[in-house]
Amino acid sequence: GGMIPVTVAIPSSYKQKDGVVGKLYHTWKLLNGAPILTNDHLLDSVVELETTAGMAGLKILSINELAKRVPASDLHEALPDEPFFYQLTSGSTGVPKCIQETHRSVIAHLHGSRQFCGYGDNEVTLNWLPFDHVVPILTFHLRDVYFGYDQVHVKPDRVLANPGIWLELIERYRVTLTWAPNFGFKRVSDFLKQHPGRKYDLGSIRYFMNAGEQVTGPVVKEFLHQVMPFGVKESAMQPAFGMAEVCTCMTYTNDFSITRSPRRFAKNSLGDVLREVCTGNEPASEFVDLGAPIPGVAIRIANSRNEVVPERVIGRLQIKGTVVTPGYLHNLDANRESFVGDGWFNAGDLGFILDGRLFLTGREKEMIVIRGAKFYCYEIEDVVNGIAGVEPTFAAACSAADSETGTEMLSIFFVPKAGVDPRQVSQSIRARVTVAFGISPGVVVPLPRNEFPKTTSGKIQRTQLKQNLARGLYDPILERLQS
C-alpha cells in the first residue's frame with residue numbers, strides 16, 4: 001500500500017501528441033517514470049506512448065490483471081499529512097503543476113462542507129464531468145464513499161450531446177445533489193428552449209452546485225426560469241468557489257435568490273470602493289454571491305503588497321486553513337509565487353468581500369485592459385453567447401497585443417453553428433460588443449469546434465487561444481474572412 005494516485009484524461013488517440021498526451025508525458029516525467037494503470041482494452045493503445053511521446057521504459061499495469069491477485073494483508077497506515085492523491089492543474093502550457101492533496105486536508109473539506117451545507121445521511125448524488133477534474137473525484141466520489149451516499153456517474157459525452165439526460169437521471173434516481181460548471185446550466189437552458197414540451201420531476205434536488213468557472217447572473221437566472229416549473233426551488237442554485245489547491249469548494253451560497261444574489265456595481269467604481277447600482281441605466285458590472293467560507297477556512301482580499309483591503313474593494317483572493325495544499329510537487333517557483341506568508345495562499349483570482357461573503361470578478365491574469373478601461377472576459381462572452389449563429393458556451397474573449405498600435409486589443413474567438421456564414425456572425429459580434437461595451441474588437445476569429453481549446457471539464461483555455469493568435473496560427477482564417 002501507500003501508493004499515491006493521480007488521474008489523467010484519456011486522449012482521443014495515443015498515436016499523436018496532442019495536449020492530453022503532452023500532459024500525460026510531463027506528469028510521467030515529473031513522477032520519475034511512475035507506472036500507468038489502465039484497463040485491458042486500452043493496454044495496446046497506451047503502449048504507443050513509448051514512440052509517440054518518447055516515454056522509453058514505460059511501465060504499464062492492467063487493472064484487470066491486478067484485480068485477480070491475492071489481496072494485500074499488510075496495509076499501509078497513512079499519516080494525516082501524507083499525500084492522499086495528486087491533482088493536476090489544467091495548465092495552458094501542457095506542463096501541469098502537481099497539487100498534493102493530503103488525508104488531513106481532504107477530511108477537513110468533507111466535514112466542513114457537510115456542516116456548512118447541511119448535507120444529510122441519505123443523499124443521492126449525480127456527476128457527469130470527467131474524473132481528471134478535482135470536483136468529480138473529491139467533492140463527489142470520495143465524499144460519497146466517505147459518507148456512504150449513493151452516487152450516479154454518467155459519461156460527459158452523453159450529457160453534452162443531450163443535456164436532457166442530466167434531468168432524466170435526476171428524476172429517475174431522485175438525485176439530491178448534482179453540479180456543473182456554469183456552461184452546463186447554459187446548455188440545459190438552451191435545450192429546454194428548443195424542446196418546450198419536455199416535463200421532468202426535479203423536486204428531489206436540494207442543490208445544483210455551480211462551480212469550476214465564473215458563475216454569471218444571466219446564465220443562472222435563465223436556468224432557474226426554465227427548471228422552476230419542474231419543482232426546483234430558487235435556493236437550489238448553489239454558486240460555490242474552490243480550487244484543487246484548497247480541496248475544491250470552500251465557499252457556498254445556500255440561500256440563492258434571483259433578486260438578491262447577483263449584485264450590480266457601477267463600472268466607474270471598480271477601481272475604488274464599489275458602489276452598488278440597483279436601478280437605472282448606469283453602466284454596471286454584475287457579480288454573483290459565492291457565499292461565506294466553510295468552518296476551518298479563512299479568506300481575505302489583499303493588494304499587491306499582501307495588505308488586507310476593506311470590504312467592497314477588489315483585490316487578490318487569499319485563503320488559509322487546513323484544506324490548503326502543502327505545496328506543488330517539485331515546483332519551488334510556483335510555491336514561492338503562491339504562498340505569501342503566515343499560511344496564506346494566493347488563489348490567482350480577483351474579487352471582493354461584501355457582508356462576509358465572497359464575490360469573484362475574474363482571474364488576475366485574464367483581466368482585459370484596453371486603453372485603461374477594464375473588462376471581464378466572461379461578461380463579454382455572455383453577450384457573444386447570446387448572438388444567433390454562435391455555438392453556446394463556445395465563445396472566448398481575451399486581450400492580445402496589437403502590433404500596429406503597440407497596445408492591447410480585444411480578441412474574440414467563437415465556434416459558428418453549422419450552416420451559418422462565419423463572416424455574418426463575426427460582423428454581428430463586432431456590432432453587438434461595440435454597442436454593449438463601447439469598444440470594437442481588434443479580431444474576431446471563427447474556429448472549428450475541434451480547434452476551440454477547452455479542458456476536459458469544459459473550462460475555456462483563453463491563454464492558449466491568445467498564444468495561438470500571437471504565433472500566427474489563425475492568420476489563414478483571418479485572411480479568408482477579409483478576402
Side-chain angles (χ1 to χ4, degrees), residues 1-69 72 83-101 127-138 141-142 153-158 160 244 325 328-331 333-334 447-461 463-465 467-468 471 473:
M3 295 170 287
I4 306 171
V6 55
T7 56
V8 182
I10 299 174
S12 56
S13 170
Y14 289 94
K15 294 183 179 181
Q16 55 188 22
K17 195 169 183 179
D18 61 7
V20 179
V21 169
K23 189 173 187 177
L24 202 159
Y25 165 76
H26 289 296
T27 305
W28 175 78
K29 196 172 179 181
L30 178 71
L31 299 177
N32 300 313
I36 294 178
L37 269 65
T38 189
N39 293 323
D40 274 353
H41 74 276
L42 283 176
L43 212 55
D44 292 339
S45 299
V46 175
V47 171
E48 302 279 355
L49 291 171
E50 287 202 277
T51 53
T52 303
M55 296 168 68
L58 179 63
K59 185 177 182 181
I60 307 170
L61 302 176
S62 164
I63 293 175
N64 305 77
E65 287 300 317
L66 292 176
K68 299 174 184 176
R69 304 282 182 90
F84 181 7
F85 68 99
Y86 293 142
Q87 179 66 40
L88 304 176
T89 60
S90 53
S92 60
T93 62
V95 184
K97 290 180 283 191
C98 191
I99 303 158
Q100 302 177 81
E101 311 282 13
N127 163 68
W128 56 268
L129 277 296
F131 277 96
D132 60 300
H133 189 285
V134 71
V135 172
I137 198 74
L138 173 51
H141 173 61
L142 290 177
H153 297 277
V154 58
K155 290 183 177 181
D157 292 349
R158 290 193 62 199
L160 292 174
T325 179
Y328 300 106
L329 186 69
H330 308 323
N331 198 329
D333 290 340
L447 293 172
R449 186 174 179 134
N450 64 347
E451 294 181 18
F452 189 94
K454 286 188 174 187
T455 65
T456 55
S457 64
K459 188 179 294 184
I460 297 170
Q461 296 186 295
T463 302
Q464 185 175 331
L465 287 165
Q467 291 171 346
N468 290 349
R471 294 203 304 264
L473 298 185

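- In this structure, Gln87 and Leu138 have side chains that are not in contact, with every pair of non-hydrogen atoms separated by 4.5 Å or more.
- Interatomic distance, Tyr328 OH to Leu30 CG, rounded to the nearest 0.5 Å: 13.5 Å.
- A side-chain contact (heavy atoms from CB on, under 4.5 Å) with Trp28 is found for exactly one of Lys59, Met55, Lys23, namely Met55.
- Contact of the Phe85 side chain with the Ile137 side chain is registered, since non-hydrogen atoms from C-beta on lie closer than 4.5 Å.
- With a 4.5 Å cut-off on side-chain heavy atoms, Trp128 and Arg158 do not count as touching.
- Closest non-hydrogen pair, Glu48 versus Tyr14, comes out as CB-O, 3.6 Å.
- Under the 4.5 Å side-chain criterion, counting only non-hydrogen atoms from C-beta, Pro96 is in contact with His26.
- Looking at heavy atoms from C-beta onward, Leu88 lies in side-chain contact with Val8 at the 4.5 angstrom threshold.
- Sorted by first then second residue, the salt bridge (Lys or Arg N to Asp or Glu O under 4.0 Å) pairs that include residues 448-457, not counting sequence neighbours, are Glu391-Arg449.
- Rounding to the nearest 0.5 Å places CG of Asn32 at 6.0 Å from NE2 of His330.
- The side chain to side chain contact (heavy atoms under 4.5 Å, CB included) test applied to Asn64 returns Asn39, Asp40, Ser62, not counting sequence neighbours.
- No side-chain heavy atom of Val154 sits under 4.5 Å from any side-chain heavy atom of Asn127.
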